[in-house]
Chemist: 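Starting off with a structure, shown below.
In what follows, chains carry the letters A, B, and so on, assigned in the order in which the sequence lines appear, proteins first and then strands, with residues in each chain numbered from 1. Only a predicted model underlies this, so the values are computations on that prediction, with no experimental measurement involved.
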There are 2 protein chains.
Amino acid sequence: MELEATTKARLDEALARAGQRSTRQRELVFATLLRWMDHPTADEVFSRAREQTPTISLATVYNCLETLVGCGLVRAVNYEREPTRYCPNLNEHAHFQDRVTGRISDIPLSESIMATLRTLLPPGYEADSLDLYFHGTIRKQPSKSTSKS
Amino acid sequence: MELEATTKARLDEALARAGQRSTRQRELVFATLLRWMDHPTADEVFSRAREQTPTISLATVYNCLETLVGCGLVRAVNYEREPTRYCPNLNEHAHFQDRVTGRISDIPLSESIMATLRTLLPPGYEADSLDLYFHGTIRKQPSKSTSKS
DNA sequence: CTTGTAATTGGAATGATTCCAAGTATTGTT
DNA sequence: AACAATACTTGGAATCATTCCAATTACAAG
């Protein structure tokens with residue numbers, strides 16, 4: 001559960017930019033998110049983090065997650081009124097939730113589609129964030145014969 | 001606070017299609033939403049509805065709103081973890097929330113942009129709902145000289 | 001008019017999140 | 001290294017939107 005040096009640098013830099021200190025707990029929470037990139041809830045982050053550091057508290061996990069979101073290192077994902085989930089993928093992307101399993105996947109968004117979406121707004125409207133949520137089912141694809149070469 | 005005959009018919013039909021009865025309270029809640037189309041919370045609907053029917057309960061307002069959403073007559077709008085808001089606009093649209101006032105406006109979405117959005121999904125992914133949320137600020141437009149004719 | 005079912009009601013319960021006050025760690029200064 | 005000043009963490013209590021529940025009440029069909 002060690003943060004790679006470059007990742008640690010990225011964390012420290014983002015925290016410093018926001019005038020925040022780098023702490024063991026923030027590092028642990030960030031490392032936990034990066035290790036399982038499966039959109040965990042705060043509770044899930046808490047129980048995973050506690051395996052490494054049994055003294056960490058739920059309040060701290062909430063605090064750290066909020067800090068990381070504030071630094072722009074993590075995105076909060078909200079489906080309806082389900083518990084908030086957290087996502088360390090910084091590429092522009094939408095989310096898709098499977099109705100059956102509840103699992104969430106990332107859907108990459110190209111720069112051009114982002115531009116298109118911004119053009120939808122009436123003059124004067126300036127969006128600083130944009131969230132696109134899909135809800136649906138995943139149909140197993142007929143696996144094409146995977147001919148090797 | 002009377003529902004227009006055609007609107008009442010629309011409500012009854014949608015309820016019947018979903019195997020639900022038409023009741024005073026459902027009619028009242030629907031009428032309340034249509035009268036102020038400002039994305040009220042359940043609490044706001046409750047206090048507005050109570051002006052007409054002081055005996056209606058908050059639980060009933062929640063029940064009715066859920067029923068209306070289930071019938072497809074109303075959409076639930078969720079910004080982060082704010083209380084759910086309700087929207088009787090059935091045209092395809094996104095939402096824009098003003099960071100300053102918290103007010104929400106509807107952004108119409110053309111059929112073509114809807115189609116474009118659906119193409120973003122990987123094969124096998126079938127979306128049955130799609131929600132697009134903007135967050136930002138509204139800059140007052142330099143009012144162009146409104147030349148008549 | 002009866003009878004079965006669905007809807008409404010008020011209040012209690014739930015559960016994610018936030019708040020709080022006390023303790024601990026970290027940073028900059030001498 | 002010691003100190004002060006400030007930021008962070010912690011456990012538990014508090015919040016608050018929403019849901020649940022058990023007891024009426026309304027409705028629809030025979």
Chemist: Could you give the CG-to-P distance, from A/Asn78 to D/dA17, as a whole number of Å?
Modeler: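 The distance from CG of A/Asn78 to P of D/dA17 comes to 16 Å, rounded to the nearest Å.
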Chemist: Is the closest basic N to carboxylate O distance between A/Arg48 and A/Asp38 below 4.0 Å?
Modeler: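 A salt bridge links A/Arg48 with A/Asp38.
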Chemist: Would one find more than 12 heavy atoms of other residues, nucleotides or ligands at under 6.0 Å from atom CD of B/Glu66?
Modeler: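 No, CD of B/Glu66 has 12 or fewer neighbouring heavy atoms, counting only those of other groups under 6.0 Å.
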Chemist: Enter the inter-axis angle for the ends of the helix from C/dC1-D/dG30 to C/dT30-D/dA1 (five pairs per end, rounded to 10°).
Modeler: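 So the angle between the two local helix axes works out to 30°.
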Chemist: Side chain to side chain contact (heavy atoms under 4.5 Å, CB included) with B/Pro122: which residues, sequence neighbours excluded?
Modeler: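 By the side chain to side chain contact (heavy atoms under 4.5 Å, CB included) rule, B/Pro122 matches A/Ile107, B/Tyr125.
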Chemist: Calculate the interatomic distance between A/Arg85 atom CZ and C/dT17 atom C1'; express it in whole Å.
Modeler: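 Spelled out: CZ on A/Arg85 to C1' on C/dT17 is 16 Å.
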Chemist: Quick check on B/Arg103: does its CZ atom have over 12 non-hydrogen neighbours (other residues, nucleotides or ligands) under 6.0 Å away?
Modeler: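 Open.
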Chemist: If I take atom CZ in residue A/Phe46 and atom C1' in nucleotide D/dT10, what distance separates them, rounded to the nearest angstrom?
Modeler: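 Rounding to the nearest Å, CZ of A/Phe46 and C1' of D/dT10 are 10 Å apart.
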Chemist: Which residues satisfy the salt bridge (charged side-chain N to carboxylate O under 4.0 Å, His left out) test with B/Arg50, sequence neighbours excluded?
Modeler: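 With sequence neighbours excluded, B/Arg50 shows a salt bridge (charged side-chain N to carboxylate O under 4.0 Å, His left out) to no residue whatsoever.
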Chemist: For DNA chain D, determine which residues of residues 58-68 of chain A have any heavy atom closer than 4.0 angstrom to one of its atoms, and list them numerically.
Modeler: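 By residue number: A/Ala59, A/Thr60, A/Asn63.
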Chemist: Nearest to the side chain of A/Ala42, heavy atoms from C-beta on, is which of D/dC8, C/dT17, D/dT18?
Modeler: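 Per side-chain heavy atoms of A/Ala42, the pick is C/dT17.
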Chemist: Once you round it to whole Å, what is the distance between P of C/dT18 and CG of A/Asp43?
Modeler: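 These atoms are roughly 13 Å apart.
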Chemist: Between B/Ser57 and A/Thr41, just flag the one whose closest nucleotide in DNA chain C comes earlier from the 5' side.
Modeler: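 The 5'-side residue here is B/Ser57.
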Chemist: Has A/Gln25 got a side-chain N or O lying under 4.0 Å from the OP1 or OP2 atom of D/dT10?
Modeler: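 Yes.
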Chemist: Assess whether side chain to side chain donor-acceptor pair (under 3.5 Å) is satisfied between B/Ser110 and B/Ser112, documenting all intermediate values.
Modeler: CA-CA 5 Å; B/Ser110 67; B/Ser112 80; 3.2 Å; yes
Chemist: Rounded to whole Å, how long is the line connecting atom CD of A/Gln20 with atom C1' of C/dT27?
Modeler: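 Between C1' of C/dT27 and CD of A/Gln20: 14 Å.
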Chemist: Measure the distance from CD on B/Glu27 to P on C/dA7 and round it to the nearest whole Å.
Modeler: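 Atom CD in B/Glu27 sits about 15 Å away from atom P in C/dA7.
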Chemist: If only atom types and distance count, is the side chain of B/Arg26 paired as donor or acceptor with the main-chain N or O of B/Arg21 below 3.5 Å?
Modeler: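 Present.
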Chemist: Using a strict cut-off of less than 4.0 Å between a Lys/Arg side-chain nitrogen and an Asp/Glu carboxylate oxygen, indicate whether A/Asp131 and A/Arg75 qualify as a salt bridge.
Modeler: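 Salt bridge present between A/Asp131 and A/Arg75.
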Chemist: Treating primed atoms plus P, OP1 and OP2 as sugar-phosphate and everything else as base, which nucleotides of nucleotides 21-26 of chain C get B, S or - for protein heavy atoms under 4.0 Å?
Modeler: ----BB
Chemist: Taking side chain to side chain contact (heavy atoms under 4.5 Å, CB included) as the test, write out the residues that go with A/Arg81, two or more places apart.
Modeler: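 Result, side chain to side chain contact (heavy atoms under 4.5 Å, CB included) vs A/Arg81: B/Asn78, B/Thr84.
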Chemist: Could you verify whether a donor N or O on one side chain and an acceptor N or O on the other, from A/Thr116 and A/Thr119, lie under 3.5 Å apart?
Modeler: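 Result is no, nothing qualifies.
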Chemist: Given side chain to side chain donor-acceptor pair (under 3.5 Å), test B/His135 with A/Asp128 step by step and report yes or no.
Modeler: CA-CA 6 Å; B/His135 225 122; A/Asp128 50 54; 5.9 Å; no
Chemist: In whole Å, what is the span from the CD atom of A/Glu44 to the P atom of C/dA16?
Modeler: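 Going from A/Glu44 (CD) to C/dA16 (P), I get 11 Å.
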Chemist: Would a single hydrophobic cluster contain both A/Val69 and A/Tyr133, if residues Ile, Leu, Val, Met, Phe, Trp and Tyr are joined by side-chain heavy-atom contacts under 4.5 Å?
Modeler: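 No: no chain of side-chain contacts under 4.5 Å links A/Tyr133 to A/Val69.
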Chemist: Base, sugar-phosphate alone, or nothing: which one does B/Thr55 contact when heavy atoms must sit under 4.0 Å apart?
Modeler: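 Sugar-phosphate, no base atom in range.
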Chemist: Once you round it to whole Å, what is the distance between P of D/dA17 and CD of B/Glu80?
Modeler: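 Going from B/Glu80 (CD) to D/dA17 (P), I get 16 Å.
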Chemist: Between B/Arg81 and B/Thr53, who's closer to the 5' end of DNA chain C by nearest nucleotide?
Modeler: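 Closer to the 5' end of DNA chain C: B/Thr53.
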